[in-house]
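Report on the structure given below.
Counting starts at 1 for both ligands and their atoms, following the listed order.
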Amino acid sequence: MSELRLTTTSVEETQAIAAAFAAVVQAGDLVLLAGDLGAGKTAFTKGLATALGVTEPVTSPTFTLAQVYKGRLTLNHLDVYRLEQMAEVVDLAIPELLEGNSVTVVEWGDVVAPALPANFMEIEFTFGEGFDDRVLTFRATGTAWTARSRALVEVFQRSQSAPC
Ligand code: ADP
Ligand code: MG
């Protein structure tokens, strides 16, 4: 899988994609959500949280750097909305967060991180033609995702062909 592009037409569909994605995430994963405000990054995170068994409501981590939710895996949710936070997050927060039995999700805009770990999944959110259309582009970096690429494609195929 070099790149996988999925189109969604509703929040529910975006969250169904997130739930399918949850089936392949593992402890130690770093998932970067890129895209403009309102593109659906938090909506995706909520779908991922639910699928990981998180029962508390997921809110945007405005006042804290990372919000931590207990589920089947712990979900660390970061929102890097200020550019100056970037170095802090990449150098300090991410390495520490990746150590636990957890998956770390970082929302940010169209900014490039100075340095990232060897393995991560980037999901880029862009607006489609219709008001509720969004395009999600999955790009894996590093060998941690290589073995799971096929499984990922399969869960997405199942989720998209499942009857509503
Ligand atoms: P971000 O975190 O990227 O700033 P949010 O997830 O907070 O974006 O907001 C996305 C907004 O777009 C929500 O108001 C949601 O209801 C709306 N929306 C409409 N269609 C979609 C879709 N297909 N996927 C995700 N969100 C959608
Ligand atoms: Mg958000």
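- Not a single N or O atom of F131, backbone or side chain, sits closer than 3.5 Å to an N or O atom of ligand 1.
- Between the side chain of S10 and the backbone N or O of E13, at least one donor-acceptor pair lies under 3.5 Å.
- Between the side chain of T74 and the backbone N or O of K70, no donor-acceptor pair lies under 3.5 Å.
- With distances taken over non-hydrogen atoms, the option nearest atom 24 (N) of ligand 1 out of T8, T45, T14 is T14.
- Atoms of ligand 1 lying under 4.0 Å from at least one heavy atom of L37, given by number and element, are 4 (O).
- Here is the list of ligand 1 atoms found below 4.0 Å of a heavy atom in A39: 1 (P), 3 (O), 8 (O).
- Between K41 and D36 there is no salt bridge, since none of the side-chain N atoms of the basic residue sits less than 4.0 Å from a carboxylate O of the acidic one.
- The ligand atoms of ligand 1 that sit less than 4.0 angstrom from a heavy atom of E107 are 2 (O).
- Of the polar atoms of D133, none of the N or O atoms is found under 3.5 Å from an N or O of ligand 1, judged by distance alone.
- With no hydrogens or angles considered, a side-chain donor-acceptor pair links R5 and T137 at under 3.5 Å.
- The shortest distance between side-chain heavy atoms of V135 and F125 does not fall below 4.5 Å.
- For atom 26 (N) of ligand 1, the closest non-hydrogen atom on the protein side is V11 CG2, 3.8 Å.
- Taking a cut-off of under 4.0 Å to the non-hydrogen atoms of K41, the atoms of ligand 1 that pass are 1 (P), 2 (O), 3 (O), 4 (O), 6 (O), 8 (O).
- Among all non-hydrogen protein atoms, the one lying nearest atom 19 (C) of ligand 1 is D132 OD1, 3.2 Å.
- Of all protein heavy atoms, the one lying nearest to atom 6 (O) of ligand 1 is A43 N, 2.8 Å.
- For the Mg ion (ligand 2), the count of nearby protein N, O or S atoms, meaning those under 2.8 Å away, is 2.
- Counting only heavy atoms, the protein never gets under 4.0 Å from atom 13 (C) of ligand 1.
- Heavy-atom separations between R134 and ligand 1 include at least one value shorter than 4.0 Å.
- Residue E154 places its CD atom among more than 12 non-hydrogen atoms of other residues, nucleotides or ligands, all under 6.0 Å distant.
- At least one heavy atom of G38 lies less than 4.0 angstrom from ligand 1.
- Note: W145 and F21 have parallel aromatic rings, judged against thresholds of 30 and 60 degrees for the angle between ring planes.
- Close approach of ligand 1 to T42 is summarised as follows: ligand atoms under 4.0 Å from at least one heavy atom of the residue are 1 (P), 2 (O), 6 (O), 7 (O).
- In this structure, R134 contributes its side chain and F127 its backbone to no donor-acceptor pair below 3.5 Å.
- Judged as a salt bridge (charged side-chain N to carboxylate O under 4.0 Å, His left out), and not counting sequence neighbours, the contacts of E122 are R139.
- E56 places no side-chain N or O within 3.5 Å of a backbone atom of Y69 that could act as its donor or acceptor partner.
- Judged as a salt bridge (charged side-chain N to carboxylate O under 4.0 Å, His left out), and not counting sequence neighbours, E12 has no contacts.
- For ligand 1, the atoms lying closer than 4.0 Å to a non-hydrogen atom of D36 are 3 (O).
- Any N or O atom pair closer than 3.5 Å counts here, and T9 shares no such pair with ligand 1.
- Around CD of E129, the count of heavy atoms belonging to other residues, nucleotides or ligands within 6.0 Å does not exceed 12.
- Taking CG from N119 and OG1 from T141, the interatomic distance works out to 8.5 Å, rounded to the nearest 0.5 Å.
- Shortest contact from atom 8 (O) of ligand 1 to any protein heavy atom: G40 N, 3.1 Å.
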Expected list for residues 98-106: side-chain donor-acceptor pairs under 3.5 angstrom, two or more places apart:
unit_1, atom_1, unit_2, atom_2, d
S102, OG, N76, ND2, 3.1
S102, OG, L97, O, 3.1
T104, OG1, N76, ND2, 3.1

